[in-house]
Amino acid sequence: MRLVPVLAFATLLSGCLFDKEPEVVRLSGETMGTTFNITAIGEDLDENALATAVEATLADVNSKMSNWDPNSEVSTFSAATSTDAMPVSAEFVHVMQAANEVHEKTGGTFDVTLGPLIELWGFGPRTPEDPVPSDEDIQSALESVGQNRLLKLDAEAGTLSKSDASVGINLSAIAKGYGIDAVAETLRDAGIENYLVEIGGDLVTKGENDKGEVWRIGIEKPQAGAQSPQLIVSVGDLGMASSGDYKNFFEQDGVRYSHIIDPTTGRPITHRTTSVTVLAENAMMADAWATAMLALGQEKGLELAEKHKLAVYFISRDVTGSEDAYITVHSTAFKDALSSN
């Protein structure tokens with residue numbers, strides 16, 4: 001799901017941060033199996049130097065977090081046949097600490113060891129003739145899922161171990177957000193205090209755009225191919241991520257199977273929540289919580305959002321309306337976050 005900067009709807013703020021007309025550098029490319037777009041605003045910017053720094057940052061993130069790179073840190077850990085504690089980078093520890101926090105607070109609904117279930121349900125190469133997994137196959141896959149049970153992180157020692165050598169880690173629901181934050185830090189290190197960094201639709205903002213306006217972001221309507229906003233929000237100095245079930249699914253015998261799998265049941269979600277957007281202090285936590293909240297669904301997710309003061313916006317299918325009818329609900333913190341921008 002994509003979050004799109006909507007400058008045409010921006011609200012003019014009083015004054016401007018720059019003494020002279022600001023320079024704008026826009027960088028774009030591919031990373032983590034998707035695309036990135038960066039807008040950096042400042043004075044006396046060196047586009048080539050910024051591009052080089054961003055490229056180096058993204059390469060470093062991929063070398064640690066990419067499941068697509070067989071030589072990355074996460075791939076090496078997953079492929080290891082030993083259960084001994086393995087040294088891991090400080091960045092890997094940081095991401096795993098965040099993953100453990102969301103895992104614990106969601107009662108296991110967010111889980112980075114979900115790979116066996118993703119593979120079992122065929123979200124990857126799949127044909128309509130492939131059978132729906134049996135109860136026995138699901139139960140067998142569940143034995144290799146459960147990060148609190150199967151993984152042990154020693155943050156002080158900088159090590160990670162697994163109790164079963166077959167256990168792997170998939171960071172796709174959190175690493176993209178971490179990558180966004182890493183690029184944002186690179187921009188700040190270059191003295192840039194006004195920017196928008198977007199990877200695969202998730203993003204983080206800081207400051208204002210080149211017109212002295214608050215960043216305005218469109219939350220996509222949950223219709224495949226629609227690319228129109230359901231809601232436009234102001235986002236200042238926050239990470240923002242959305243997760244949706246309406247683009248990656250399959251149908252068999254009249255039943256719709258989402259790619260969002262609940263690790264507590266081993267099965268795709270069946271509730272009517274189709275899209276979730278989260279605002280957080282950084283993109284990494286927004287990324288992880290968006291995935292978790294979609295798996296939980298509006299009812300359970302909203303309760304958890306209120307408990308932990310999370311800024312969450314839910315879009316659910318309206319069972320009483322047409323196929324394109326939706327119900328929207330947001331947490332108290334989501335409303336407060338918007339009113340402060």
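What you are looking at is a predicted structure, and each value in this text was computed from that prediction instead of being measured.
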A.B. asks: Please check: side-chain N/O of D111 versus main-chain N/O of P263, any donor-acceptor pairing under 3.5 Å?
C.D. replies: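 A pair under 3.5 Å: no.
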A.B. asks: Backbone N or O of V197 within a donor-acceptor pair of the N37 side chain at under 3.5 Å?
C.D. replies: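 Such a contact is absent between N37 side chain and V197 backbone.
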A.B. asks: Check whether K105 reaches the backbone of L304 with its side chain - one donor and one acceptor, N or O, closer than 3.5 Å.
C.D. replies: no
A.B. asks: Under the side-chain hydrogen bond (donor to acceptor under 3.5 Å, both in side chains) rule, what do E73 and S63 come out as? Steps first, then yes or no, please.
C.D. replies: CA-CA 6 Å; E73 195 170 2; S63 73; over 6 Å; no
A.B. asks: R216 and S234: side-chain donor and acceptor closer than 3.5 Å?
C.D. replies: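 S234 and R216 do have a side-chain donor-acceptor pair below 3.5 Å.
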A.B. asks: If we ignore hydrogens and angles and just use 3.5 Å, is the side chain of S78 paired with the main-chain N or O of I169 as donor and acceptor?
C.D. replies: yes
A.B. asks: In terms of heavy-atom contacts, does CD of E55 have more than 12 from other residues, nucleotides or ligands at under 6.0 Å?
C.D. replies: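 Atom CD in E55 is not crowded, with 12 or fewer foreign heavy atoms closer than 6.0 Å.
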A.B. asks: For a quick test of reading the model, state the closest non-hydrogen atom pair linking S275 to L294 and the distance between them.
C.D. replies: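 Taking S275 first and L294 second, the nearest heavy atoms are N-CD1, 4.0 Å.
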A.B. asks: Walk me through whether S316 and R272 qualify under side-chain hydrogen bond (donor to acceptor under 3.5 Å, both in side chains).
C.D. replies: CA-CA 5 Å; S316 301; R272 291 187 169 275; over 6 Å; no
A.B. asks: Give a yes or no on whether a salt bridge exists between D202 and K176, defined as a side-chain N under 4.0 angstrom from a carboxylate O.
C.D. replies: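 A salt bridge links D202 with K176.
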A.B. asks: Supply the atom-to-atom distance I41 CD1 to E208 CD, rounded to the nearest 0.5 angstrom.
C.D. replies: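 One gets 9.0 Å once the value is rounded to the nearest 0.5 Å.
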A.B. asks: Measure from the side-chain N and O atoms of E220 to the backbone N and O of P229, and report whether any donor-acceptor pair falls under 3.5 Å.
C.D. replies: no
A.B. asks: What distance separates R267 CZ from I261 CD1, expressed to the nearest 0.5 Å?
C.D. replies: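 Between R267 CZ and I261 CD1, I get 11.0 Å after rounding to 0.5 Å.
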A.B. asks: Between S75 and P70, what is the shortest heavy-atom contact and its length?
C.D. replies: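 Smallest heavy-atom distance, with atoms named: CB-O, 3.5 Å.
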A.B. asks: Using modelled atom types only, decide if a donor and an acceptor are shared between the side chain of T76 and the backbone of S72 within a distance under 3.5 Å.
C.D. replies: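 A pair under 3.5 Å: yes.
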A.B. asks: Do the ring planes of F77 and F92 sit parallel (below 30°), tilted (30 to 60°) or perpendicular (above 60°)?
C.D. replies: tilted
A.B. asks: Please report the C-alpha distance between V112 and H103 in whole Å, then the side-chain angles of each, then the deciding distance to 0.1 Å, and finally whether the side-chain contact (heavy atoms from CB on, under 4.5 Å) criterion is met.
C.D. replies: CA-CA 9 Å; V112 298; H103 177 81; over 6 Å; no
A.B. asks: Applying the side chain to side chain contact (heavy atoms under 4.5 Å, CB included) test to M240, which of T205, V204, V233 qualifies?
C.D. replies: V233
A.B. asks: Taking the basic N atoms (NZ, or NE/NH1/NH2) and the acidic carboxylate oxygens, is any pair closer than 4.0 Å for K307 and E303?
C.D. replies: no
A.B. asks: Is there a donor-acceptor contact under 3.5 Å linking the side chains of T31 and N62?
C.D. replies: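 Per modelled atom types, T31 and N62 side chains form a pair under 3.5 Å.
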A.B. asks: Before you tell me yes or no, could you show the steps for N170 and L114 under side-chain contact (heavy atoms from CB on, under 4.5 Å), namely the whole-Å CA-CA distance, both residues' side-chain angles and the distance that decides it to 0.1 Å?
C.D. replies: CA-CA 7 Å; N170 188 315; L114 197 61; over 6 Å; no
A.B. asks: Between F314 and G301, which heavy-atom pair has the shortest distance, and what is it?
C.D. replies: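 Where F314 meets G301 most closely, the heavy atoms are CZ-C, 3.5 Å.
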A.B. asks: So, for M96 and L153, which heavy atoms are closest and what is the spacing to 0.1 Å?
C.D. replies: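 So the two residues come closest at CB-CD2, 3.8 Å.
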A.B. asks: Quick check: do D84 and M86 have side-chain heavy atoms less than 4.5 Å from each other?
C.D. replies: no
A.B. asks: Going by distance alone, is a donor N or O of one side chain under 3.5 Å from an acceptor N or O of the other, for T57 and T186?
C.D. replies: yes
A.B. asks: Considering only heavy atoms from C-beta outward, does the side chain of I232 approach that of I219 to under 4.5 Å?
C.D. replies: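 They are not in contact (no side-chain heavy atoms under 4.5 Å apart), so the answer is no.
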A.B. asks: Taking the side chain as every heavy atom from C-beta outward, state whether L302 and H330 have any atom pair closer than 4.5 Å.
C.D. replies: no
A.B. asks: Between L196 and V235, does the side-chain contact (heavy atoms from CB on, under 4.5 Å) criterion hold? Intermediate values first, please.
C.D. replies: CA-CA 10 Å; L196 184 150; V235 182; over 6 Å; no
A.B. asks: Cut-off 3.5 Å, side chains only: do T35 and E30 have a donor facing an acceptor?
C.D. replies: no
A.B. asks: Go through the steps to decide whether T106 and M293 satisfy the test side-chain contact (heavy atoms from CB on, under 4.5 Å), and finish with yes or no.
C.D. replies: CA-CA 9 Å; T106 60; M293 285 292 167; over 6 Å; no
A.B. asks: Rounded to the nearest 0.5 Å, how far apart are OG1 of T273 and NZ of K300?
C.D. replies: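 Between atom OG1 of T273 and atom NZ of K300 there are 11.5 Å.
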A.B. asks: Quick one: pull up CG in D154 and OG1 in T159 and give me the separation to the nearest 0.5 Å.
C.D. replies: 4.0 Å
A.B. asks: If you take all heavy atoms of V74 and S66, which pair is closest and at what distance?
C.D. replies: CG1-O, 3.5 Å
A.B. asks: Check the orientation of W289 and H308. Use parallel for under 30°, tilted for 30 to 60°, and perpendicular for over 60°.
C.D. replies: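 Answer is tilted, since the angle falls between 30° and 60°.
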A.B. asks: Determine, for D164 against R149, whether the closest basic-nitrogen to carboxylate-oxygen distance falls under 4.0 angstrom.
C.D. replies: no
A.B. asks: Quick check: does any side chain N or O of D181 sit under 3.5 Å from a backbone N or O of M284, one acting as donor and the other as acceptor?
C.D. replies: yes
A.B. asks: Indicate whether the side chain of Q230 and that of T328 have a donor and an acceptor atom separated by less than 3.5 Å.
C.D. replies: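 Note: Q230 and T328 side chains miss the donor-acceptor criterion.
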A.B. asks: Identify the heavy atoms of I260 and S243 that sit nearest to each other, and give their distance.
C.D. replies: CD1-OG, 4.1 Å
A.B. asks: Quick one, E47 and L27 - any side-chain contact, counting heavy atoms below 4.5 Å?
C.D. replies: yes
A.B. asks: Do E104 and N148 have side-chain atoms, one donor and one acceptor, less than 3.5 Å apart?
C.D. replies: no
A.B. asks: Between OG of S161 and CG of L151, what distance do you get to the nearest 0.5 Å?
C.D. replies: 8.0 Å
A.B. asks: Report yes if some heavy atom in the side chain of N282 is under 4.5 Å from a heavy atom in the side chain of Y178; otherwise report no.
C.D. replies: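 A side-chain contact is absent here, since even the closest heavy-atom pair is not under 4.5 Å.
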A.B. asks: Can you tell me how far apart CD1 (I199) and OG1 (T34) are? Round to the nearest 0.5 Å.
C.D. replies: 8.5 Å
A.B. asks: Are side-chain heavy atoms of Y313 and L231 found at a separation under 4.5 Å?
C.D. replies: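 In short, these two side chains touch, coming nearer than 4.5 Å.
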A.B. asks: Any non-hydrogen side-chain atom of L310 less than 4.5 Å from a side-chain atom of V278?
C.D. replies: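 A side-chain contact under 4.5 Å is absent here.
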A.B. asks: Would you call E193 and R188 a salt bridge, taking side-chain N to carboxylate O under 4.0 Å as the test?
C.D. replies: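 Looking at E193 and R188, the cut-off is not met.
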A.B. asks: Could you tell me whether the side chain of V276 reaches within less than 4.5 Å of the side chain of V312, counting heavy atoms only?
C.D. replies: yes
A.B. asks: Is there a donor-acceptor pair closer than 3.5 Å between any side-chain N or O of E306 and the backbone N or O of T332?
C.D. replies: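 Flag set: sc E306 to bb T332 pair under 3.5 Å.
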